[in-house]
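Step one of this worksheet: look at the structure below.
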Number of protein chains: 2
Amino acid sequence: MSTLEKLSSIKRPSLHEELTDRLRTMIIEGVLEADEKVPERELCEKLGVSRTPMREALKVLAADGLLTLQPNRGARVRAITLNELEEVFPLMGALEALAGELACKNVTEKQLQVVRKNHKAMLACFKASDMPGYFRYNQLIHEAILNAAGNQTLTTTYLSLAVRVRRARYLANMSQQRWQAAVDEHEVILSALEARDANKLSAILKQHLENKFATVRQWVLSQQNKPCQQGES
Amino acid sequence: MSTLEKLSSIKRPSLHEELTDRLRTMIIEGVLEADEKVPERELCEKLGVSRTPMREALKVLAADGLLTLQPNRGARVRAITLNELEEVFPLMGALEALAGELACKNVTEKQLQVVRKNHKAMLACFKASDMPGYFRYNQLIHEAILNAAGNQTLTTTYLSLAVRVRRARYLANMSQQRWQAAVDEHEVILSALEARDANKLSAILKQHLENKFATVRQWVLSQQNKPCQQGES
DNA sequence: TAATTTAATAATGAATGCATAATTCATTTT
DNA sequence: AAAATGAATTATGCATTCATTATTAAATTA
């Protein structure tokens, strides 16, 4: 029995769930480009599913704000506008600040170690100029802080907003100076968390976010200047 | 031509959208009770739709956190747990505070009048002991403040959280004293907004929310003590 | 009689089919 | 030739059907 206890139940995510995740990733990674029409039929064939689960997934992603559904005219990848970006920014700021506060209250030594580990790995990527790697660990750190806050609802809410501004492309826009600065900020973040200094952590997280948004904003602007460059096929 | 200009375009919401709204309302109003199984087939017949749009709606509501989907076992109305309530509370607090701040910055005289009008109507309902009416105007006021903040993303995010704790039933639990206090708080809210006093508004909104949550918390506790009272048919 | 197994029923997940609306392209008209 | 009309094509919304999984009921066994 003792070995049986440890067995985790087999999870068989339904097709629409898998599809939702898959499509979400495709949008985030830019495989499906902004403003592009989502070719329902074509996607179904490529992914080997029928239209039913595909349409269910599209509905969910639309509810998440990643797509827009035009009745009888299909789905489009929702482009983030400058206006929306300006809206999301203060919101995420408030949530980050809250996360910082809660994290300082609740973080365990074990969770702190996770942050430290990812921090180190992130630094290594920075030194190796490995931007994708950097980005991955960066994300893990922020998720770990959310985790430490111990508020699942906060995490979910934050992530659903973060996804909207997390279109991979803008990374190319980050300058070397900005990158260095971001790394420096992360040093402060780590030390504030280690010191459980809620005010400091909240402040630096907000500052960090603000700087990040400056980069994103630049990218969005550059996108708007070269519009309708759709279809690379 | 001049009359044609004023015509608003015909919107024909798709079935699944209507269904989503309808079901959401049913959940909020307690027609579908917490932990109850959602009778897919039965609902389809009652509402005169096929399973396809119904299932699309269920997926969306599940993504919204109002339902849980158990693979091959259908959907259930997600009961709000005490734990989740404790999580939602600080989150909504942070968002209300932000809304108050932004509203003081951006509110127009016209928007202020809307708040005043609903405030008056709400008072009338209070005096008439019309709780449903009070609740409706109360909600309109809070929505008007969000509106005045001028941040659509904030509004959407806030409302999606608010829906989870907005199960009509707990209203019965509000005492006369608490009701009076809530009304008093609303007086302060209005005057703070009129004075564009961001700090004061943020503070009172947070306080107001905290008090409201005390009532909800009590209700959730009372629900947990008398479990499995499902099925009134 | 209680527990277990097996069969029957119902419900869900996903694919297909059909009707309608949108789009494209050819044709007509000015 | 440009604009407008109409037919053909395509895509979408929804209903239906089929296959699989859960649930219930019946039957068997201890």
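Throughout, protein chains are lettered first and strands after them, A, B, ... in sequence-line order, and every chain is numbered starting at 1. All values reported here derive from a predicted model rather than from experimental measurement. Values below: all heavy atoms of this structure, side chains included; hydrogens, waters and symmetry mates excluded.
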Starting from [atom2] on [N], measure out to [atom1] on [X] and report it in whole angstrom.
X     : N      : atom1 : atom2 : result
A:Q70 : D:dA11 : CD    : P     : 16 Å
A:E40 : C:dA15 : CD    : P     : 13 Å
B:E42 : C:dT12 : CD    : P     : 11 Å
B:L58 : C:dT12 : CG    : P     : 9 Å
A:E45 : C:dT16 : CD    : P     : 11 Å
A:L69 : D:dG13 : CG    : P     : 7 Å
B:R76 : D:dT23 : CZ    : C1'   : 13 Å
A:L43 : D:dA11 : CG    : P     : 13 Å

Task: Check: A:T108 main-chain N/O paired with A:Q111 side-chain donor or acceptor under 3.5 Å - done: yes
Any protein N or O atoms within reach of nucleotides 14-18 of chain D? Criterion: under 3.5 Å, listing atom names and distances.
{"from": "D:dC14", "atom 1": "OP1", "to": "B:L15", "atom 2": "N", "distance (Å)": "2.7"}
{"from": "D:dA15", "atom 1": "OP2", "to": "B:S50", "atom 2": "N", "distance (Å)": "2.8"}
{"from": "D:dA15", "atom 1": "OP2", "to": "B:S50", "atom 2": "OG", "distance (Å)": "2.4"}
{"from": "D:dA15", "atom 1": "O5'", "to": "B:S50", "atom 2": "OG", "distance (Å)": "3.3"}
{"from": "D:dA15", "atom 1": "N7", "to": "B:T52", "atom 2": "OG1", "distance (Å)": "2.8"}
{"from": "D:dT16", "atom 1": "O4", "to": "B:T52", "atom 2": "OG1", "distance (Å)": "3.4"}

Atom pairs, N/O to N/O, protein against nucleotides 20-22 of chain C, distance under 3.5 Å?
{"from": "C:dA21", "atom 1": "O3'", "to": "A:N72", "atom 2": "ND2", "distance (Å)": "3.4"}

TODO: Show your working on side-chain contact (heavy atoms from CB on, under 4.5 Å) between B:R217 and B:L82 and close with a plain yes or no.
DONE: CA-CA 7 Å; B:R217 191 178 287 118; B:L82 192 59; 3.5 Å; yes
Task: Closest approach of B:A34 to B:V77 (non-hydrogen atoms, all atoms of both residues) - done: CA-CG1, 3.8 Å
- [ ] Take the angle between the ring planes of A:H142 and A:H208 and call it parallel below 30°, perpendicular above 60°, tilted in between.
- [x] parallel
Open item on the list: It should be established whether A:K37 places a side-chain nitrogen or oxygen under 4.0 Å from OP1 or OP2 of nucleotide D:dT12.
Closed with: yes
TODO: Can you measure from CD (A:E17) to CZ (A:R22) and round to the nearest 0.5 angstrom?
DONE: 15.5 Å
Task: Among A:E87, A:E84, A:E86, side chain to side chain donor-acceptor pair (under 3.5 Å) partner for B:T153 - done: A:E87
Open item on the list: Run A:Y134 and A:M174 through side-chain contact (heavy atoms from CB on, under 4.5 Å) and show every step you take.
Closed with: CA-CA 12 Å; A:Y134 170 87; A:M174 189 159 72; 4.1 Å; yes
TODO: Take A:T20 and A:L61, measure what side-chain contact (heavy atoms from CB on, under 4.5 Å) needs, and give me the verdict at the end.
DONE: CA-CA 7 Å; A:T20 307; A:L61 291 173; 3.8 Å; yes
Open item on the list: For a side-chain contact (heavy atoms from CB on, under 4.5 Å) check, start with the C-alpha distance between B:H186 and B:I141, then their side-chain angles and the critical distance, and finish with the verdict.
Closed with: CA-CA 9 Å; B:H186 263 272; B:I141 290 168; 3.9 Å; yes
